[in-house]
Amino acid sequence: MNVSLTAWIITGVVIVGLFVFDFFAHVKTPHEPTLRESGFWSAVYITIAVIFGGVVWWQWGSTYGGEYFAGYVTEKALSVDNLFVFVVIMAKFAVPRIYQQKVLLLGIVMALVMRAGFIAVGAAAIDAYSWVFYLFGLFLLLTAVKLLRESDEPAAHEKERDGRMERLVKKVLRTSDTYDGDKLVTRVDGRRMITPLLLVLIVIGFTDVLFALDSIPAIYGLTEEPYLVFTANAFALMGLRQLYFLLGGMLDKLIYLSYGLSLILAFIGVKLVLHALHENTLGFVNGGEPVAVPEISTGLSLGVIAGTLVVTTVASLVVSKRRAVS
């Protein structure tokens with residue numbers, strides 16, 4: 001896939017422009033968005049992502065178009081899992097809902113910047129060492145098992161992790177006990193301190209680093225093109241703020257989402273290991289020669305990912321409804 005520097009620059013400018021527009025149009029003035037507003041703009045950003053996928057398909061062909069859509073769907077699903085974490089963090093720090101938009105948008109921007117770094121490192125590692133796919137695959141398989149183990153009480157595990165991050169930040173930075181509007185920094189008795197809002201932002205930002213450790217290897221299991229990895233991540237994160245307010249209490253009903261994501265990560269992990277065997281250069285594996293194993297196509301990957309998400313979502317909603325009735 002040949003992506004010119006001009007295409008990279010235009011894409012970056014468009015993505016930055018969308019975030020800037022989002023800030024000044026919806027976030028600068030604190031308010032709690034309505035369901036109508038959240039639903040409309042969620043649909044807008046999903047439409048933009050689909051249109052971009054169509055451009056990729058038209059410009060570079062169906063193979064890369066399919067890889068983009070597989071990556072986008074996977075990253076979007078993993079981003080929905082992020083929303084559970086956001087709910088826990090917001091509740092833990094009692095963030096007023098009118099200020100949640102700001103911290104979410106800034107946190108998402110932080111996440112994208114940090115993920116760009118992970119993407120660059122991942123691309124360089126893959127380009128230099130084909131055996132990196134073994135590490136990515138094994139890591140995703142271990143992550144899938146870990147996600148299954150924590151699926152019983154995800155909120156409890158997240159609170160424990162957030163608590164450690166909060167204590168670490170408070171050791172380094174002076175933090176006020178009360179919010180000062182939507183300010184990130186304030187003065188208390190003449191001393192400059194960070195507000196709980198900035199503390200929440202830091203916790204969200206560094207929490208996403210942990211998510212990036214899962215999502216970046218996952219999408220590299222679907223495409224090796226850094227351009228597609230970056231854009232799929234950017235468009236998946238875009239509109240996540242609106243999705244947070246749109247889904248609201250519905251997140252509690254997605255009781256099987258963790259199982260679905262575990263299956264997806266395990267599937268991509270297996271795909272990565274098979275790809276590593278196919279490209280093998282390790283001397284202790286088959287004498288350093290490629291291993292004749294089947295490779296999983298992009299079409300099959302997209303089908304498994306989409307099918308798993310549909311089944312787990314429908315099953316979650318049906319079971320949740322039955323439990324509510326009984």
Side-chain angles (χ1 to χ4, degrees), residues 31-47 49-50 69-70 72-98 100-101 104 108 143-162 204 207-208 211 214-215 218 235-268 300-326:
H31 72 285
E32 182 179 345
T34 63
L35 285 178
R36 181 178 180 180
E37 176 186 338
S38 300
F40 174 78
W41 285 106
S42 291
V44 167
Y45 285 118
I46 290 173
T47 301
V50 172
F69 280 114
Y72 172 73
V73 171
T74 300
E75 293 300 317
K76 199 68 176 178
L78 292 171
S79 294
V80 171
D81 195 42
N82 286 18
L83 296 183
F84 286 97
V85 178
F86 293 164
V87 169
V88 172
I89 293 174
M90 295 297 184
K92 174 179 172 58
F93 291 96
V95 182
R97 285 186 69 82
I98 61 171
Q100 289 182 9
Q101 286 203 100
L104 284 172
I108 290 168
T143 302
V145 173
K146 178 174 176 289
L147 193 58
L148 272 179
R149 287 178 175 175
E150 294 184 355
S151 61
D152 55 343
E153 290 291 339
H157 292 290
E158 191 52 48
K159 284 180 180 178
E160 183 180 348
R161 282 191 288 265
D162 294 340
I204 285 178
T207 298
D208 194 78
F211 278 103
D214 303 340
S215 65
F235 287 115
L237 290 174
M238 206 171 291
L240 189 60
R241 175 183 60 80
Q242 291 87 348
L243 199 60
Y244 171 87
F245 290 99
L246 178 63
L247 294 179
M250 187 178 173
L251 287 172
D252 292 335
K253 298 180 181 180
L254 301 177
I255 55 178
Y256 297 132
L257 180 63
S258 292
Y259 296 100
L261 293 177
S262 297
L263 178 59
I264 290 171
L265 290 177
F267 170 79
I268 298 175
L300 177 59
S301 298
L302 185 56
V304 170
I305 293 166
T308 301
L309 291 175
V310 170
V311 170
T312 53
T313 300
V314 172
S316 295
L317 295 177
V318 170
V319 173
S320 295
K321 185 176 180 180
R322 287 179 179 174
R323 288 179 180 178
V325 172
S326 60

#### Entry: Minimum heavy-atom distance A144-L265, with the two atoms named
CB-CB, 4.2 Å

### Summary
Closest non-hydrogen atoms of A236 and E75, given as atom of the first, atom of the second and distance, are CB-CB, 3.6 Å

### Task
Report yes if the side chains of F267 and S301 come closer than 4.5 Å at any heavy-atom pair, otherwise no.
yes

### Task
Working to the nearest 0.5 Å, report the span between CZ of F69 and CG of L302.
9.0 Å

### Task
Rounded to the nearest 0.5 Å, what's the gap from CG on L261 to OG1 on T308? Could you check?
9.5 Å

### Query
In Å and rounded to the nearest 0.5 Å, what is the OG to CZ distance from S79 to F86?
8.0 Å

### Query
Any side-chain heavy atom of L104 within less than 4.5 Å of one from L240?
no

### 4.5 Å side-chain heavy-atom contact, R241 and W41
no

### Message
Any non-hydrogen side-chain atom of Y72 less than 4.5 Å from a side-chain atom of I46?
### Response
yes

### Task
Drop me the distance from I305's CD1 to T74's OG1, to the nearest 0.5 angstrom.
3.0 Å

### Donor-acceptor pair, side chain of S316 and main chain of Y256, under 3.5 angstrom
yes

### pair V95-I89: side-chain heavy atoms closer than 4.5 Å
no

### Summary
CD1 of I264 to CG of L78, rounded to nearest 0.5 Å, is 7.0 Å

### Message
Would you say that E37 contacts F245 through its side chain, given a criterion of any heavy-atom pair below 4.5 Å between the two side chains?
### Response
no

#### Entry: Nearest-0.5 Å distance that lies between atom CG in L309 and atom NZ in K76
12.5 Å

